Each structure stands twice: as structure tokens, then as C-alpha cells.
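Worksheet: one structure, shown below.
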Amino acid sequence: MKRIYCLEDWCVNCRRCEVACKTAHSVSHDTVKAYLLEGQTAFSRIHVEGGAELSISVNCRHCDNPRCVEGCISGAMQKDPETGVVFCDQSRCVGCGTCVAMCPYGCVELHVLPGAPGKKGVAFKCDMCGDGKGSFGDPACVAACPSGALIYVDEEPKPEPEPLEEEATEEETAEKEVLA
Amino acid sequence: MLDFTIPRYKVLRDPDLCIKCGVCERSCANEVHHVDMDLHRVVAQHERCVNCQRCVTMCPTGALAITNWPQVGNGTNNWTLQVMQDVEKQAQTGGVILSSMGNPKHYPIYWDHLLLNASQVTNPSIDPLREPMETRVFLGARPARIKVDERSHRVLSELPPHIRLDVPVMFSAMSFGSISLNAQKSLAIAARELGTYFNCGEGGLHSELEGYGSNAVVQVASGRFGVNTHYLQNSAMIEIKIGQGAKPGIGGHLPGEKINAEVSRTRMIPQGTDAISPAPHHDIYSIEDLRQLIFSLKEATLYTKPVAVKVAAVHNVAAIASGIARAGADVIVIDGFRGGTGAAPQRIRDSVGIPIELALAATDQRLRDEGIRNKVSLVVGGSIRSSVDIVRAIALGADACYIGSAALIALGCHQCQACAQGKCNWGIATQRADLTKRLNPKIGAERVVNLIEGWNHEIKEMMGGMGINAIDSLRGNRLMLRGVDLNEKELDILGVKYAGEQ
Amino acid sequence: MSQIQQNALAQLLGLSADEAGAKEPETTLNLNLPLAPEPAETLPQFADYAIVGNSAAGIAAAEAIRKQDTEGTILMLSKEPYLAYGKPLISYLIEGKTDDAHLAYRDASFYERANITCAFGPECEVVALDADQHVLALANGVRVQYGKCLLAVGSTPFVPRSIKNWRNRENIHTFECLDDALAAWQDTVAATERAHAEGRKSRVIVVGGGLTGLKAAEALSHIADEAFVLTHGPRIMSKILDAQGSEQLIELLAERGVTVVTNTSVDEFLGEEGPCHEAKLTEGSTINFDVAIAAVGVRPAMGLAEQAGAEIGKGVVVDETLATTLADVYAAGDMTQVVNAFDGSKRPLALWTNAVRQGAIAGAQMAETPNAPVYGPDYAENIVDFFDISVMTCGVVNPPEGEGFQTIAYQGKDSYAMFVTKDDVLMGYVLVNHPERAGIYNALIAHHVNISELDPDMLGRAPRNLDFDAETRWNRLHESYPTALDRKGFAREVAALDAREEA
């Protein structure tokens, strides 16, 4: 899968990624509206840690063995077997917070949506927008990064497991003999 | 003492668009913006703004613009507000006013008075998309005659050293110290990709750029910073810097606080000491002295590399160029009075030197008249702004051009003229680690390559229009130029006819 | 006894009357439960994999098996007639945080897509296991032969003998599975309606201050007017909370309508059969209630394994492949005995996360997946929420004295954080309303990071990825980073070219 990586040598702490993420996850897809009208419902799923000297933009790693999925009691948190994207089906999330404590990178947050029963939050996390989600282009955070600190690249291919040695069929054996 | 100076710029913030995200605050090394949580709005300290436009570019909602401070002067054309501000500043500080980048004053720009020719009916124009078009240039001395083996097509004469430029543009000298390593690296990567050269300036070649030696022009200036045998040998060409267009006759002074560990190692001077480039080379007081240095450098590099001499365009530049050619230089570089700098006394920058167009035309003519034009290549710089400036320069007699400011603009420079403050928000003219990382050489190089490739396409289009398919055929071809809005003297010096003349 | 605790007891004994705020209950439960299809008339005689239990571990195992073996037949058996549902969701269902449509842990076509034969319902309960013959006997008399078998039947509620007369009382419930929860819910709704008709408040008491008891109280407090939790010890969730954390949580729960009475439990439910509305407390007084929940504890459901002759400790004994001592019989989830990573003690780890992990490992091992993961010593990571309160605890929280453990606590207005360290390595924590990026603490524990080398303030605020040193940070955040790029994002070929030229 294609993954988002942050190269801290280039992260300049501008936090445009956060703004872009919030916009991309707003209903209006408009930055001004996302901030002024959708403050209660649109949330950035990427967060910059640090300051001017050293900063790093962190979002979901979409782990191969995601602990948030492992811990999810409702089946809301899932890893798409096709795309590898870890996403939260918020309609099923009960806001227990297991994923928050399970994520080794602190990349899942609970937010209380207006009118939520019992003031309970639901889990918000990176859903790999852009072509990871089927639309064209880089994820919003990567597109907004001014200095190439966020890159969206193909991951290192996983080594294929050693194929089990199967006994050659007669034909193949014959073929090999001919070749020899 | 009461400060009489007023802000130069005013930050305009559209309150309807501002989302108080703080990107502007975190983007500004001058600390202009501040998200004030008490007022619940973003405030600006206008007097700190240098109009670098980083915040304008970075603002996610386009809420920002910078305008002039609305204060008006008293209306006279003489004591303008700017002139008075300069007086007030000096009355306050007693210092020399320092500024950066090129001459901003209203002197004539002759490029804009030179129009190009195009083929019609009697000679065919060439379509560069269909036909081969040569923009490759070789710099170095040309022997008066060469011997060629007709059978094997091999040149039998021994040729002086040359460098090959795939595009007729090089990146002019900007030292590590005046610009960041990431800026230099961007230019180095771009130069390699484009098949041309970057000039490391007088500050030595940083160890991280060692690998780009074959695309480097290394400079030997009056301070001799970073010069050693390896430095000279790990290069494509050596350039002796006598003068710089922005501040002819003036040396350089990099204050000790800018000499950090990296700069210290590269310049080979102690950390924290001032790096002073004397105004003259203290071993050069004549053409003969210059010849000694040229041949010392040739000797050090076993005559394998061309040696260039760079001078500022001053009154008698043509005669000086003639001397340089006779001193054995392979390339003469002339830097016009609009050329940029990291720091120069403002009066010098704005008042010393002559326009490059006139200097180039006069020099080329002088060298032709003396029959030594073939002994040297002529490179010009000092505010080459576009591909058409290059075409005009070559038609006036240049072999190639140096660009500095244009390359920096491609990297993000907005010509705010505050390089000397060392707080370049674009990560170019600064050594502050939190600022230099704003310029990722991968992106920087890509932008510079884009620019030059675009220019090269345009050069080919213009050449094709003139019916010329090799840039060598354009060189000194002043018939391809016509002047407008110029007087007889100007036309005479430029060696071009007036528009409408046959 | 603290003031809060005294007040709580006084309230329970009816000494402080508060008549206001009777809640309007829902009248009927009209639910569309995720019922499993009726089991087929004839179940297969043989299955390559038989999975007993249809919850976290069972589903994870089935998925892991299918990753490796797409051909082998899988038979899942469960005595509950439902499709797999999130067991912990039962309390969220009652309080309306989720609904019947979202109970299912996997979508409806999961079993079909994974080609799993289902046998769900009371008649499909596995009543006997013959490991020698590889045969399972079902309640309906069917015998199924298997290649490999996974026991993943979880745990069962346990009520100590000291509490008398709680069995077979119509209004005393346990709170383990969906049917329990539905019964308690229905009963509480009815009891509340009755109480309101009589012009009084309805009252639920929960016996047991553990996780299950507190979740039951939280859920039912949304229906009943009063919810009390009685716990015999001085603390709630005593295994996973320290004293201060417990106090903080009790206080927060009280503000939200759940009253915890500590050092008090039920001695006897009065009467012997039929509905019970009076209980005698251990401290002697008698109280009234409408509905009671018995949630004193759970025990691993080991009956089947024990009867088949598997080795039993505090749970079913398993090796690192999660195989029991019986040939081709594996066990996963709440029923297994886990070695504690900190002190080596052995006990079950009844946690959803742990069940999923064990199930996935057991499934991979059963399907003989190459390089299948193994299960080693583990520790508890408990994440609970009550109302809008978040509680997270992990590892060692009540360290034994004199073994070099140190604790550091931060008390906020509505929050509390406590960390246990040993030799500068984080060993455990308690976080009440302190959830931000808490998973990073788990990473510190799992990687045995020496926190003395990190920012000294980091425990006092939300942890950051930047708190790790540069190398660890890179390795953590750059899983599967392309080797063709260097750490600045430049193509390595270019760098290599430069190096060559340099040479």
C-alpha cells in the first residue's frame, strides 16, 4: 500500500497539514467553514508535535497488525483487507476508548459529537483520504505540506514467503530433462 | 531617543477568512503575527514585516496580503517619504544603511528596449518541436585555427580546456554563508540535472556538495576562503572574483555570529570570527598580477580547467576585459549594476556601476576590434530575468548568462531585500536550522529545473522564429535586435539599429 | 470510612431522601437482535477445524485460519443463538450508545464469506470433548469429529457461597452475555414502571465492584432512578486501580448517579424463592431494592477442558502456540491461563483485546501458518469508560512494597494519573480522564524504554512521539519505509552516485 511518512528533517511546524486534514474531513470541504461553522464536527486526524526547532507530524501508521483493531470491542475499527487502510466505522463505535490506549502512536482520538448520547465520544483517525480512499491525488495533509516533509509513497514490498516446494509433475520433469 | 521611523509595510488580514490557525505566526521568523487568545484574533506587529510574503503564501485561506504603510509623504518628488526615512534612520543610528538583493532604483532597463527579429517570407523560420535545435554552449578559449583529420573526424590540435553547458545559463556565485546549504544544494542538484553549473561563491564548497564538484564553478576571491588544492581540483571551472555588480569596489563582511561550525569548516576560518573579504585582492594591483594568479590556478589544476575572471560592470569595463583576456583568462564574467547581493551598503548598491547591457555590448565590441574575442568566452549576469533577456544578451555578444536572483525566486525568494538580517523565511539567506529546513532541496531543485527547462523551450522558440537553429549562430548577431525608445548614443554603444531601420 | 463512602451508605439505607428527578423509563424493548440462522438439520460429521465459542477469540481464530487455509472446513459452535456480537456492548446497548442494528461484531455475510458452518443455539452447546477420538458431543446428541479443536468459551459469572439465596430469583441477574443483559434491562424497565406507579423511586443494586458490576450499574442507572454498587473491599476495580484512582472514580461516578458503597456487601437475599426485594447487608442492616445484579466475579469456563482431561491451573494451561495438553486441542481467550510479564504469576486475562490476540495466534498455529506468531507472557491493558469518564490502566498498578517500585501521581480536578516505575522503566499506570495519546505509555512499557533519558516532564502531560530518541522515533514511525529512499526522502541511488564520484 501507499503510506504517508513524515521526514522530520523537513517538518517546519507550520501545521498546514492539520488545517488541510480538518478541511478534508469537514462536510463543506471549505477551510473557513470547517473552522468557523464545523468546529464541533470536523476534526484533524493528524497532529504536529514539537516546535520550530524539531517538529514531527504524526498520523495513523495503518499498521500491518493494528492494535486498535485488535482491541475494538464493537468491530467499528477495521483494516480494509484490500487497501490496508485502517478505518473506524463511526456508526458502530461506542466510544469505549480502547483504541486510544492501544495505539502506540497516539493517533486515535475520541471526540464528542453534538447530541451524542451520554456525552460519549467516537473514535476519529486518519482514513487515508486522497487516492487511498478512492479519489484522485495525494492525501490532503501531504498535498498541503510546503516542504516535502510529508511524503506519500509505496511501502517497501513485503518479502514473499518462501513458496512451498511442490513435487514437479511428470510433464515438468520431462521438460527439464529435455532442456538438460 | 524617540524613533522617527515608521513601518514600511502593513499586514492586511481579512477577518472573514482568518481562521486563527496560527500558520502565519509559526511561519514568520520576524515574529509579526501573533494569535492573541485574549482578543481571540490574530494581531500583527507591522513594523517587523519585511514583505517576504511567506505568510501570504502559507495562509490556508488566503486571508493575508501585505501593502505599503498608508503614510504619505509631503508630496514633493525630492524629499520623498523613503528618502526622509533613510535620513531619520541614520540620524537615529549613525550607521551605514545596509540592504540586500539588487538595485531597485528607476534606472533604464535596456533589455526592455531591445526587440527581437523574426523570419518572414525571405528566410524560413524553424519549428523547434520538429527540428533539432541546439542550445548547447562551450565556454573557454578558442584557438585561432584547428587541425582536423578529415578521415576520422578527429581534432588533431590540442584544445584549451572547456566546459559544456546544455543550456546557456549557469547559477551565479552565492556563497555558503550568504545562502543556506539547502539553497546551494538545490542549485547543485538542478545544475546536474540540467547539464550546467552552479557557482559555490567565495565561501568554499561544503563537504555535502563534494559529489557535485563536476557541476561546480569554484570561486577564488579576495578572502581566499576555503581555497585549497582539493577545492580547485574538485570543480569544473575556477572563477577569480574581482568584483560584484551590486557593490563594485567593496569587500564583504560576514559577521562572526554567522560563522557557525559548518560555515567555519567550509571557509577554513575559526568559528565566531568575522569573515572579511578585502575590497581588492591584495596581491593583484595590475593585469600582470592577475595573470600570475590565473596561471597559478591553471598550474594547480594541470591546465585541465578553464579559469574565469569576474568583474563588476564599471566605467572602463571594456578595457579591463581586454586586459583580462590578455592575462590568460578563458572566460570573462561581467556582473551588471542590478545584480543581487546578500548585503551591501545601500548607497553603493543603488549608485555604483553601469548597466550590463551597455557593458556587454561595449566589451564584446572592444574584444572583436582587438581581434581577441575568440580567446575568451563572455558570461554576463546581473538581473537576467527571463529567457528573452538571455536571447538579447547572447545577441549582444554573450556566450552564456549567469542567473542568481531568478534562481532564488524559483526557490522561494520574494526579493524582500532583508537577506542581511539572516532571518530569511524561505530558508535561503539564513543559517538558522529552523529556517533552512523550510527549503527541501528536492523541491527546490525541481522548481529550478522547471524554470530553466521552461526558459530553454522559450529560447528555442525565439531562435526558431529568427530562423536560427544553433545558439552559436545567435551570438553577437546584433542584427537580430532593434532598439526602441533609445537615443543615438545608446544605440551606438549597444551596436543595434533603431526599430524600422533596415 | 471517608465522607463520600459514609454518605453513600446513608443514601443506600434511605437516610437521605431525595424525591426529585424520577426518570421516565422506556416501556418495551423492541429489539431486532442479530439472531443466527437456525443450525442446519444435519450438521457435518467432520470438520477440519472445530471452534467452540463464537466471540472475540473464536472469530479471530477463524479469520486467522482462513488467511492460511482457504479449503479446510470450519465449524463454529456456540450455545448462544446470536451472530458474534461485542460482549462488552451489552451495557452500551442498554444506555442507548449503540443499538441492536450495530451489535454484530462482523457483518451478516461474514460466516458465508469465510465459508464457516455455524451451529449456534442451546442445542448446539458442546457438552463433552473426547480428545483421543477427536470428537465433540453436542447437547442435541450429535457427535462431530474434528481435525483440530479450539476451545474459546470465555468465562462464567461466579457468586461466592457467602452470599445466600441469590440463585433462581426472578429479579436477581448476572451480567455476562446478551441474554443476561436483556433480562436485567427488561426487568429494570418493568420495576421502574411499577415503582413509579406506586409513587416511589426504583432502585438497582449491583453486588460487586469490579468492571462488570460497574458497567451494569452505569447501564441500568439510565433506567432506574437509583443505582448502587456494593463492594466488600475498600476499592472498586481493585485489581486494576490503586486506592487514589478508585476514590477519584467513585467520586466521579457519584456525580453521575451511580453510588458506590465500599466495605459493604450483601450477606443474604431475604426469602428463598420468587422475587426478592430485600437484602441483608454484611454490616447488618436490611435494604430494599427492585432489581439486583450479581457481579462479584467471573471464572474461566473450564468445565469442558477439565472433563476432557486437560491440565488446569487458574485457567486452562496452554503453551506458546496456545495448544492445551490435549492433542490437537487449543484454547484461547478468557479461559486460558496467562503468565504475567511482570511477576511471572499465572492467571487468566479476561480482556477482549487479549482474546482477539490469542484467537488470532491460535488460529494461525492451528492452520500451521509459516512463521506463525506465538503467545508469550503478557499483562493487562484495561480500558473502560463510564458515562464520560475514561479509565485506563495497564501493567503493575499496586506494586508490592520493597521491590524497588516507585510511583508518581498527578491529581487534577477531574482527572488522575499515576505511574509505576522500576529502575526508570515504566511498569504500569492508572489514568482517569487522561486519555490523550495514552497508547504511547503502552509503547514505553512494551519497549522497556528508560524514561530517565526522556523528557522529565513527559509523565505530567500527554506523551509524545517526540519523547523517544531520534533513532527509536524513526523506527517506530517508519514501518515499511521504502529502502530506495534515504531518511531525507532522497532516492538512495542518487546518494550512491554522489558517493561514487566522491570516491
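Please read these numbers as outputs of a predicted model, since none were measured by experiment.
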If you round to the nearest 0.5 Å, how far is [atom2] of [Y] from [atom1] of [X]?
| X | Y | atom1 | atom2 | value |
| --- | --- | --- | --- | --- |
| A/Ile73 | C/Ile383 | CD1 | CD1 | 10.0 Å |
| A/Ile56 | C/Leu477 | CD1 | CG | 5.0 Å |
| A/Asn65 | C/Arg357 | CG | CZ | 11.0 Å |
| A/Ser91 | C/His102 | OG | NE2 | 3.5 Å |
| A/Cys6 | C/Arg473 | SG | CZ | 10.0 Å |
| A/Leu7 | C/His478 | CG | NE2 | 5.5 Å |

Toward chain C, the part of [X] with a non-hydrogen atom under 4.5 Å:
| X | answer |
| --- | --- |
| A/Glu109 | neither |
| A/Glu8 | side chain |
| A/Asp89 | neither |
| A/Cys103 | backbone |
| A/Asp154 | backbone |
| A/Leu54 | both |
| A/Val100 | both |
| A/Val94 | both |
| A/Cys68 | neither |

Inset, instruction - Could you check whether the rings of C/Phe490 and A/Trp10 sit parallel, tilted or perpendicular, using 30° and 60° as the cut-offs? - result: perpendicular

Which portion of [X] sits near chain A, non-hydrogen atoms under 4.5 angstrom:
| X | result |
| --- | --- |
| C/Ala104 | backbone |
| C/Glu63 | neither |
| C/Thr483 | both |
| C/Arg476 | both |

Below 4.5 Å, heavy atoms only, C-beta onward: do [X] and [Y] meet side chain to side chain?
| X | Y | answer |
| --- | --- | --- |
| A/Arg3 | C/Glu479 | yes |
| A/Ile151 | C/Leu485 | yes |
| A/Tyr5 | C/Ser480 | yes |

Which residue out of [options] racks up the most heavy-atom pairs below 4.5 Å with chain C?
| options | result |
| --- | --- |
| A/Cys99, A/Gly50, A/Cys96, A/Gly71 | A/Cys96 |
| A/Cys72, A/Pro81, A/Gly148 | A/Cys72 |
| A/Ala76, A/Cys93, A/Gly75 | A/Gly75 |

Between [options], which residue shows the highest count of heavy-atom pairs closer than 4.5 Å to chain A?
| options | result |
| --- | --- |
| C/Thr98, C/Leu466, C/Thr353, C/Asn465 | C/Asn465 |
| C/Ala438, C/Pro482, C/Ala443 | C/Pro482 |
| C/Ile440, C/Val356, C/Asn354 | C/Ile440 |

Is [X] atom [atom1] crowded by more than 12 heavy atoms from other residues, nucleotides or ligands, each under 6.0 Å away?
| X | atom1 | result |
| --- | --- | --- |
| A/Glu82 | CD | no |
| A/Lys33 | NZ | no |
| A/Gln90 | CD | yes |

Minimum-distance pair of heavy atoms, taken over all atoms of [X] and [Y]:
| X | Y | result |
| --- | --- | --- |
| A/Arg67 | C/Glu381 | NH2-OE1, 2.9 Å |
| A/Glu70 | C/Trp352 | O-CD1, 4.1 Å |
| A/Arg92 | C/Tyr105 | NH2-O, 2.9 Å |

